[in-house]
Every structure is written in structure tokens, then in C-alpha cells.
Amino acid sequence: RSQKMNKDFCLVFTVTDEVQNLINALEPLKELCIPLKHLETRPSKTSSSHDVFLQLPCSRVVFPLLVGKMRAIVGPITIFQTNELIRGVQSESHCTPWFPRCIQDLDISCNNVIKYGDQLTPDHAGYGDPVYRERRRYIASIANNYRQGEPIPKLEYTKEELDTWKVIFNHQSKLYPAHACKEYNEQFPALFSACHYREDNIPQVEDVSQYLKSRTGYQLRPVAGWIHSRDFLAALAFRVFPTTQYIRHHSKPKYTPEPDVCHELMGHVPLFANASFAQFSQEIGLASLGASDEWIEKLSSFCVSDQ
């Protein structure tokens, strides 16, 4: 592969103190034949763990695959720009956080799930349900393998999933006229005919994406779970809304600790069909690109971020 096609990326992640954990974390580099330019470790703020800094050259094509493989081993990964790094000298406070330069770069940022996804915690209603967990793994694999610009794969939802949607759809539909804002109520009815919003049907994310694109230029892309506010806001800069496709566990239809397809399609989507809201959301996203963690937190409070 031509070196001209590669660029340097810097990754920061945390591993516990066992030596084998660092070896395991670096295994994807060996698997993908990616050389390592620089490695540093330092004690983490969390006891019995170390933060690891890597600098490596990689093509934009291979990098999303590398991040996905490493994330499965170490969990959350922070990506930094390299043009302002002085090797081994400059601190993270002087670095510009990596951000997507083109819409295809969302394949890197939107795959960095920090919570839930195909790994549920004991407090989740579906944690003890092996059928539900297997279903979640399947739907997460669709998001993890998705590449920007492809049609979003359609799902055949089960009867149990449709029954859960029906409970939420009927409950929320009665509340919107009195409690939702004017802009929401102007857009929600149009989704019934355009995207087949019904009590007995979960709309396909691809159909909704095409509808939004024709209205305001926004489009949806599947994600496997809860992504970081920085990555969420960065997607908005390209008029892309990261969307889950799985549904909450049937035992608790009126509560979920995480975003799900009901939350996305009935909560967020209608407002993205409003031109003013769509423009506002994109401007917030643009302002987030390369911003500090402090500003990401502030910008998130003005937007529809799930964190």
C-alpha cells in the first residue's frame, strides 16, 4: 500500500495493569500489518490501570477496521490529530482532538460505542434474556459493518418487538398534541404516510433516512449503541443523525436506559424534518469539530445529544 495514502493517527485508551492486556490490545496492529511509530504509557487516574498512547500510520480504508477491532478489546478509544503533536513532549491539553474531515470518516467515529451496544450491563432489563442478547448482537453487527453511503439494511422485526413498539407508539401518540412543540406536531403526521409510522409497524431506518434527505438533507446511519457526545455532534456537522435499530426489552416498554429505535424514530426524527431545527443542529455540529472536552459538554447541552 502506498505510503502516500497513509496518514498518522494517535490513539489513547486505558488498560488494566496486567502486561497481557497491553499485548492483547496491540494484536490488531499485527493482524492488519500496521507499523507502530510511537508508544507511551502513564498511570491512569483510575487505580490499577494505565493510559496508553499510540502513534501509527494507517490508511482511511483500514483505520475504521483497526479501531473496531481494538475497541472490542479495550473499550473506548480517543483519536487525536497528529499535526500538532510533538513526539513525547506535548500534553493532551495542547492537542487538537481528531475529528472527521469528510463524511466517510464517520465510519471511524460512529463505530466507537462507549456503552451498551452488544454488551449489556446487569441493570439492563434484557441482561438475563439470552434470546434478546443474541438479537442485540445481530443488530449491532449490522451497524458495525455499515459504511457511509450504503443503503441501511432493513430488519424484519419479530412479533415481540412489534408488540413493544405498539405499546410505546399508542402511548406517545396520545401525548404529543398537548405536550410536544409546534414544530414537532407539524412534522409527525407526515411520517405516517411517508415512512409507514403505524402502531403495527416499526419504520425502516433506510426509509426514514430517504424521507429526511428529501426534506432537509439529513440522513440516518446505524450505530450499535451509545456513542460519545463528540462523535454524535461531529455526525451532525455532516447532516447525519446516528440511529440505533434495536428496540428496548419487552418487559419494560415504557423505560430504557439507552437510546433505541423508539427513542430515535419517535423522539428525534420528526424535528430533523424541520428546516430551522436541521440547520441549527448542523451548526452546533460544526462548532464541535476539534473542540475541547469542556466545549463538547457545553455544546451537547444545546443539542439533542443522548449523553
Side-chain angles (χ1 to χ4, degrees), residues 3 6-60 62-101 105-119 121 144 223-234 288-300 305 307:
Q3 291 297 315
N6 292 348
K7 62 176 294 184
D8 278 5
F9 291 94
C10 294
L11 309 179
V12 177
F13 54 89
T14 301
V15 294
T16 53
D17 285 345
E18 292 81 1
V19 174
Q20 187 60 44
N21 289 338
L22 180 57
I23 295 173
N24 293 340
L26 299 178
E27 187 63 29
L29 278 73
K30 178 181 178 182
E31 180 183 344
L32 297 172
C33 301
I34 297 172
L36 181 61
K37 279 191 173 182
H38 186 65
L39 184 151
E40 291 181 23
T41 64
R42 69 181 185 188
S44 175
K45 294 179 181 178
T46 305
S47 60
S48 302
S49 62
H50 273 69
D51 294 330
V52 181
F53 171 90
L54 303 181
Q55 183 178 355
L56 49 89
C58 190
S59 73
R60 289 180 179 271
V62 176
F63 191 64
L65 181 60
L66 172 66
V67 171
K69 287 178 176 291
M70 292 187 66
R71 180 184 62 79
I73 298 170
V74 303
I77 297 175
T78 301
I79 307 168
F80 289 94
Q81 290 290 94
T82 58
N83 55 356
E84 299 201 9
L85 283 172
I86 299 176
R87 179 172 173 173
V89 176
Q90 224 169 7
S91 67
E92 288 180 20
S93 61
H94 295 96
C95 298
T96 300
W98 180 90
F99 60 89
R101 295 302 206 278
D105 285 347
L106 298 184
D107 291 339
I108 300 171
S109 54
C110 286
N111 276 343
N112 195 21
V113 174
I114 62 173
K115 195 173 183 182
Y116 297 114
D118 58 357
Q119 301 296 321
T121 54
N144 291 332
V223 290
W226 204 328
I227 66 174
H228 194 279
S229 293
R230 179 181 298 281
D231 299 326
F232 177 88
L233 293 172
S288 78
L289 300 179
S292 66
D293 290 344
E294 179 185 2
W295 274 103
I296 290 296
E297 185 176 351
K298 292 178 180 179
L299 290 168
S300 295
S305 174
Q307 201 173 12

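If you read the sequence from its start, that first residue is 1, and numbering goes on from there.
Side-chain contact of His50 with Asp17: a donor-acceptor pair under 3.5 Å is present, judged by distance alone. Between Asn21 and Thr16, the side chains place a donor N or O and an acceptor N or O closer than 3.5 Å (distance only, hydrogens not considered).
Between Tyr116 and Trp226, the ring planes are parallel. Angles under 30° get that label, and only those over 60° would be called perpendicular.
Applying the side chain to side chain contact (heavy atoms under 4.5 Å, CB included) rule to Leu299 yields the partners Leu233, Ile284, Ala287, Ser288; only residues at least two apart in sequence or on another chain are considered. Asn24 pairs by the side-chain hydrogen bond (donor to acceptor under 3.5 Å, both in side chains) definition with Gln20, not counting sequence neighbours. With sequence neighbours excluded, the residues satisfying side chain to side chain contact (heavy atoms under 4.5 Å, CB included) with Glu27 are Lys30. When the ring-ring contact (aromatic ring centres under 6.0 Å, His included) test is applied to Phe13, no partner is found at least two apart in sequence or on another chain.
Taking 4.5 Å as the limit, every side-chain heavy atom of Glu40 sits out of range of all side-chain heavy atoms of Val52. In this structure, Leu56 and Lys37 have side chains that are not in contact, with every pair of non-hydrogen atoms separated by 4.5 Å or more. Here the side chains of Val113 and Val223 are not in contact, with every heavy-atom distance at 4.5 Å or above.
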Side-chain donor-acceptor distances from residues 289-297 under 3.5 Å, at least two apart:
from: Ser292; atom 1: OG; to: Trp295; atom 2: N; distance (Å): 3.3
from: Asp293; atom 1: OD1; to: Arg230; atom 2: NH2; distance (Å): 2.7
from: Glu294; atom 1: OE2; to: Lys298; atom 2: NZ; distance (Å): 3.4

List the atom pairs, with distances to 0.1 Å, where a side-chain N or O of residues 69-79 and a protein N or O form a donor-acceptor pair under 3.5 Å, not counting sequence neighbours.
from: Lys69; atom 1: NZ; to: Glu31; atom 2: OE2; distance (Å): 3.0
from: Arg71; atom 1: NE; to: Asn111; atom 2: O; distance (Å): 2.8

